[in-house]
Undergrad: 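Got a structure for you, written out below as structure tokens; questions coming shortly.
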Amino acid sequence: MTDKVRVRFAPSPTGYLHVGGARTALYNYLFAKHFGGKFILRIEDTDQARSTEESLKMLIEDLLWLGLKWDEGVDPKTLKDVGEFGPYKQSERLAIYKTVADEIIKAGLAYYCFMTDAEIDKQKELFKAQGKPPHIQSPYASMPLAEALIKIKGGEKAVVRFRTSSLKKDYVFKDLIRGEVKFPSDMVGDFVLLRSDGMPVYNFCCVVDDYKMGMTHILRAEEHLSNTLRQLMIYEAMKWKPPEFGHLSLVLDEDRQKLSKRKGATSCHEFKLEGYLPEALKNFIALLGWSHPEGKEVMSMEEMIKNFSTSRVNPAGAVFDSVKLKWMNAQHLRALPHKDLWNELLPFIKTPLSGDQKTFSEGGWADKALTALKPSFETLVEGAEAFKVFSEEMKFADEAEEVFKWPTTKSVFEAWYNALSLPKWGTYLLEEEFLEIQKKIQTESKVKGKELFQALRVAVIGKPHGTELKLLVPLMKLENLKHRAKLACERV
RNA sequence: GUCCCCAUCGUCUAGAGGCCUAGGACAUUACCCUUUCACGGUAAAUACCGGGGUUCGAAUCCCCGUGGGGACGCCA
């Protein structure tokens with residue numbers, strides 16, 4: 001086993017990656033890369049009712065989109081194992097768990113339990129009524145192993161339970177994020193290691209895998225904090241040295257509840273569809289519980305890796321603020337070189353663009369269009385919306401109604417239309433040509449100020465507010481401008 | 001119910017006993033830039049959950065409350 005840092009992200013594949021899970025994955029990734037260690041993806045699919053290959057593919061898709069590539073785990077395409085500690089899917093490691101369970105049974109630290117669900121429920125209710133903790137007290141705890149084996153040979157189903165009754169002490173460990181945490185051993189009852197169908201249970205396979213896969217540090221969500229006691233007991237039973245643990249706080253919604261699917265977007269997939277950049281999502285999620293030593297907020301992955309430390313991870317729960325995420329996205333969007341921004345934006349633009357518009361070149365159409373429109377959108381979806389002005393039919397906004405009422409508007413619209421109809425223009429109007437027309441309308445119609453500018457804008461984009469016209473107009477095809485001007489004339 | 005974790009502006013946070021008259025960011029408001037909007041700039045407003053200790057001195061350490069969260073599964 002190596003001294004190098006080895007950490008893992010161990011999701012159970014039940015659908016797209018949730019932002020809470022994404023943060024756990026990200027912190028593990030940052031931690032691994034910070035120390036030059038390995039980031040491993042392990043698939044916890046022992047709950048066969050919920051785990052499907054379809055879900056696994058969705059999960060992998062999100063992880064890759066985020067750019068959190070793992071060094072060991074499954075191949076994204078074939079789902080075959082990559083790395084020397086495999087298999088990495090728990091459903092393929094059943095024999096390993098069985099061997100370890102047998103060892104614990106042989107040592108007398110676990111036993112076969114034949115209790116039925118009904119018996120368990122009855123006992124729990126009884127204990128609860130007596131104000132006792134609802135811990136199972138199995139009558140089979142004292143059954144000799146040979147006897148239990150005979151029952152099993154006879155076809156009876158049994159779970160394997162870990163024996164906690166003989167352990168009477170506190171379990172203490174130093175959490176990387178929370179400091180010393182102490183659990184009394186009677187906090188838990190005899191818990192299940194192996195289900196009656198032979199499938200291992202989370203707390204058991206987690207320990208076996210973390211140990212066998214050589215994990216040095218476990219960074220996981222707080223909901224697992226109390227599970228650590230059971231896991232520590234298993235490490236002790238096997239005389240294995242436990243890794244170091246760090247428990248991350250939960251990501252909460254606006255009501256300070258654990259983030260759930262019911263309220264807004266919670267999966268990375270949704271943010272991808274809404275036009276968020278993975279770099280922005282990662283940056284934002286990283287800040288949900290971690291901070292840069294100098295308080296820097298907008299960061300690249302390199303900066304996060306360089307500065308990541310569990311000592312700067314906050315133990316308190318963090319509310320997911322989608323407004324700030326949007327701001328963060330805008331920051332990353334605007335910092336992107338136009339060529340890259342254009343490549344990101346293009347798949348979101350559904351309206352037709354001509355060939356000269358689509359192809360990016362320095363100082364070309366797309367470059368200029370981004371300069372003009374970039375400050376007005378914060379997501380790629382909003383960006384695509386902004387680009388509709390170049391190809392989609394114009395709709396007049398409600399705010400335009402007031403402009404239509406001005407007595408001067410009709411003459412502005414007509415002057416604009418007439419100017420555009422002159423035969424001397426090319427496919428596009430140049431900025432100087434537009435300014436010239438504007439000037440001409442002003443002097444000839446004697447309209448100025450907002451009566452002129454807002455009316456012109458309504459004739460161009462259907463709204464009195466928006467991008468500076470001298471930037472926008474030269475990007476619009478003359479025929480489009482003419483068409484729109486005509487529509488405007490028809491309205492008054 | 002039992003055990004565990006957590007607690008600084010509305011939100012994310014800085015803060016390791018004196019640098020705190022509590023700093024930054026998002027959001028909010030005002031102003032500036034701009035014949036519009038957005039971007040950008042400047043400024044304002046807003047927080048140490050409560051009570052006890054310890055100390056010359058507490059946001060920071062300890063205790064007790066309170067509040068929030070988590071766990072108590074043949075889920076993970």
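Since this is a predicted model, take the numbers as computed values, not measurements. Within every chain, numbering begins at 1; the chains are lettered A, B, ... in the order of the sequence lines, protein sequences first and strands thereafter.
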Undergrad: Taking for each residue the nucleotide of RNA chain B bearing the nearest heavy atom, is the 5' side occupied by A/Cys113 or by A/Ser226?
TA: A/Ser226

Undergrad: Of all the choices, B/G69, B/G73, B/C74, which nucleotide is nearest to the side chain of A/Leu250 once you look at every atom?
TA: B/G69

Undergrad: In whole angstrom, what separates A/Lys296's NZ from B/C12's C1'?
TA: 18 Å

Undergrad: Counting heavy atoms from C-beta on, name the nucleotide in B/A7, B/A25, B/C5 closest to the side chain of A/Arg178.
TA: B/C5

Undergrad: Heavy atoms from C-beta onward define the side chain here; which of B/U11, B/C12, B/A76 lies closest to that of A/Lys324?
TA: B/C12

Undergrad: Nearest of B/A76, B/A38, B/C12 to any side-chain atom of A/Leu287?
TA: B/C12

Undergrad: Looking at A/Phe390, is A/Lys388 sitting on its ring face, NZ or CZ under 6.0 Å from the six-membered ring centre and within 45 degrees of the normal?
TA: no

Undergrad: Would you mind classifying the nucleic acid contact of A/Lys326 as base, sugar-phosphate or nothing, using non-hydrogen atoms under 4.0 angstrom?
TA: nothing

Undergrad: Is A/Val7 close to A/Ile40 at the side-chain level, that is, under 4.5 Å between some pair of heavy atoms?
TA: no

Undergrad: Once you round it to whole Å, what is the distance between P of B/A71 and NE2 of A/His224?
TA: 9 Å

Undergrad: Rounded to the nearest angstrom, tell me the gap between atom OH in A/Tyr171 and atom P in B/C4.
TA: 16 Å

Undergrad: Could you please name the option among B/C12, B/C3, B/A7 that lies closest to any side-chain atom of A/Pro315?
TA: B/A7

Undergrad: Taking only the side-chain heavy atoms of A/Glu297 (C-beta and beyond), determine which of B/C74, B/G24, B/C5 contains the nearest atom.
TA: B/G24

Undergrad: Rounded to whole Å, please give me the gap between NE2 in A/His465 and C1' in B/U35.
TA: 13 Å

Undergrad: Quick check: are there more than 12 heavy atoms from other residues, nucleotides or ligands sitting under 6.0 Å from NZ of A/Lys151?
TA: yes

Undergrad: Between A/Pro184 and A/Phe453, just flag the one whose closest nucleotide in RNA chain B comes earlier from the 5' side.
TA: A/Pro184

Undergrad: Base, sugar-phosphate, or nothing for A/Gly289, non-hydrogen atoms under 4.0 angstrom?
TA: sugar-phosphate

Undergrad: Which part of the nucleic acid does A/Ser196 contact within heavy-atom distance under 4.0 Å: base, sugar-phosphate only, or nothing?
TA: base

Undergrad: Under a 4.5 Å cut-off applied to non-hydrogen side-chain atoms, are A/Val447 and A/Gln442 in contact?
TA: no

Undergrad: Of the candidate nucleotides B/C39, B/C12, B/U35, which contains the atom at the shortest distance from the side chain of A/Gln442?
TA: B/U35

Undergrad: Report the base-pairing partner of B/C31 (Watson-Crick or G-U wobble, both distances below 3.5 angstrom), or none.
TA: B/G41

Undergrad: Quick one: label A/Gly295 by what it contacts on the DNA or RNA (base, sugar-phosphate, nothing), any heavy atom closer than 4.0 Å.
TA: nothing

Undergrad: Is the count of non-hydrogen atoms from other residues, nucleotides or ligands lying under 6.0 Å from A/Lys89 atom NZ greater than 12?
TA: yes

Undergrad: Who is the Watson-Crick or G-U wobble partner of B/A7, with both distances under 3.5 Å?
TA: B/U66

Undergrad: Using the rule side chain to side chain donor-acceptor pair (under 3.5 Å), only one of A/Gln331, A/Lys324, A/His292 pairs with A/Glu297; which is it?
TA: A/Lys324

Undergrad: Using a heavy-atom cut-off of under 4.0 Å over every strand shown, decide if A/Gln454 touches base, sugar-phosphate, or nothing.
TA: sugar-phosphate

Undergrad: Ignoring the backbone of A/Phe183, work out which of B/C4, B/G70, B/C39 is nearest its side chain.
TA: B/C4

Undergrad: Between B/C74, B/G15, B/U11, which nucleotide gets closest to the side-chain atoms of A/Arg312?
TA: B/G15

Undergrad: Would you indicate what A/Arg42 reaches in the nucleic acid, counting non-hydrogen atoms under 4.0 angstrom: base, sugar-phosphate, or nothing?
TA: nothing

